[in-house]
Amino acid sequence: MPDGEQRRRLRPPAAPAAANAATSATGPPAATEDVPPLRAAAARLREVFAAASADEAAAHLGPLLAARTGPLRLTSHGGTSPWHPHLDGSDDAPWPEWFPASGCPAPAVLLGDRQAPPGRTCASARCGDVFVPHGSGPERRSCSRRCATRERVAAHRARTAAAPGAY
């Protein structure tokens, strides 16, 4: 991105080729028929990140964890990567299984650790993306520097338009 930030959106790409390029997953490539269930899973994960309270986030995340994750297993993808945990059924799990199984653990850990929603919706009226606001420094209101700047500029323009001749 031009502002130097890397963001992962909770919106699967519209085309399978874009989905395949957006991840390092080692399973089979995404197909056209995978896109609708990927979009549905992204919409459900978005509800978790946009929740107003820990209770609301847990209410959205609990059913996702129950329905979309399998038993915890370790994999090295046939020796091609370091050992790491997976909650999908196999290294060759289809995209509609892999995406929600891979997308649920991090928000669950954040929710349990912070006792607060794992994310928030970008404060920019033109954006609406969800993001994880935690890190060093004050909690963020925008998903990126670009959105934060856009909002500051819009507020400045509104103030100067309201007071003609003032800078």
Side-chain angles (χ1 to χ4, degrees), residues 1-25 29-30 32-69 87-88 95-167:
M1 300 188 83
D3 62 6
E5 291 188 6
Q6 292 181 349
R7 292 179 11 208
R8 290 212 177 233
R9 296 175 184 259
L10 287 178
R11 285 188 243 149
N20 294 329
T23 184
S24 60
T32 301
E33 62 270 11
D34 293 332
V35 174
L38 287 171
R39 287 194 172 281
R44 293 189 65 195
L45 278 168
R46 187 180 201 299
E47 292 172 340
V48 174
F49 280 81
S53 69
D55 289 343
E56 183 184 344
H60 289 298
L61 187 56
L64 269 173
L65 286 166
R68 302 294 184 175
T69 59
L87 290 169
D88 53 1
W95 280 77
E97 178 185 341
W98 174 85
F99 180 68
S102 297
C104 287
V109 170
L110 287 169
L111 178 62
D113 183 47
R114 299 178 184 274
Q115 295 298 300
R120 70 170 17 157
T121 303
C122 183
S124 174
R126 292 179 29 188
C127 180
D129 282 350
V130 293
F131 66 100
V132 176
H134 313 295
S136 61
E139 193 165 294
R140 294 178 13 217
R141 295 181 53 240
S142 300
C143 65
S144 67
R145 284 185 236 141
R146 174 182 286 166
C147 281
T149 300
R150 182 184 306 131
E151 289 303 301
R152 281 193 306 272
V153 168
H156 171 75
R157 289 180 179 161
R159 281 191 311 273
T160 56
Y167 281 81

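On a predicted model such as this, the values are computed, not experimentally measured, just so you know.
In this structure, Arg126 contributes its side chain and Cys147 its backbone to no donor-acceptor pair below 3.5 Å. Between the side chain of Thr160 and the main chain of Arg157, a donor-acceptor pair closer than 3.5 Å is present. A donor-acceptor pair is defined here as one N or O able to donate and one able to accept, closer than 3.5 Å; such a pair exists between the side chain of Arg140 and the backbone of Cys143.
Across every non-hydrogen atom of Ala108 and Leu65, the tightest pair is CB-CD1, 4.1 Å. Here the shortest heavy-atom pairing between Gly112 and Gln115 reads O-NE2, 2.9 Å. Here the closest heavy-atom approach between residue Pro117 and residue Ala57 is recorded as CA-CB, 4.2 Å.
The only option from Leu87, Thr69, Asp88 that meets the side-chain contact (heavy atoms from CB on, under 4.5 Å) definition with Glu97 turns out to be Asp88.
For the atom pair CZ (Phe99) and CZ (Arg39), the distance works out to 10.5 Å, reported to the nearest 0.5 Å.
With sequence neighbours excluded, no residue forms a salt bridge (charged side-chain N to carboxylate O under 4.0 Å, His left out) with Asp34. Take Val109 and apply the side chain to side chain contact (heavy atoms under 4.5 Å, CB included) test, not counting sequence neighbours, and it matches no residue. For Ser142, there are no side-chain hydrogen bond (donor to acceptor under 3.5 Å, both in side chains) partners two or more places apart in sequence or in a different chain. Scored by the side-chain hydrogen bond (donor to acceptor under 3.5 Å, both in side chains) test, Glu151 finds Ser124 as partners (sequence neighbours excluded). Among residues two or more places apart in sequence or in another chain, the side-chain hydrogen bond (donor to acceptor under 3.5 Å, both in side chains) test is passed with Arg114 by none. The side-chain hydrogen bond (donor to acceptor under 3.5 Å, both in side chains) check on Arg68 picks up nothing, with sequence neighbours excluded.
At a cut-off of 3.5 Å, with distance as the only test, a side-chain donor of Arg152 or Thr149 sits close to an acceptor on the other residue.
Among pairs with a residue in residues 103-113, none fulfils side-chain hydrogen bond (donor to acceptor under 3.5 Å, both in side chains), at least two apart in sequence or across chains. Pairs engaging residues 53-64 under the side-chain hydrogen bond (donor to acceptor under 3.5 Å, both in side chains) rule: Glu47-His60 [sequence neighbours left out].
Atom CZ of Arg150 has more than 12 heavy atoms from other residues, nucleotides or ligands within 6.0 Å.
In this structure the side chain of Phe49 never reaches within 4.5 angstrom of the side chain of Arg120, judged on heavy atoms. The side-chain heavy atoms of Leu45 and Cys104, taken from C-beta on, include a pair separated by under 4.5 Å.
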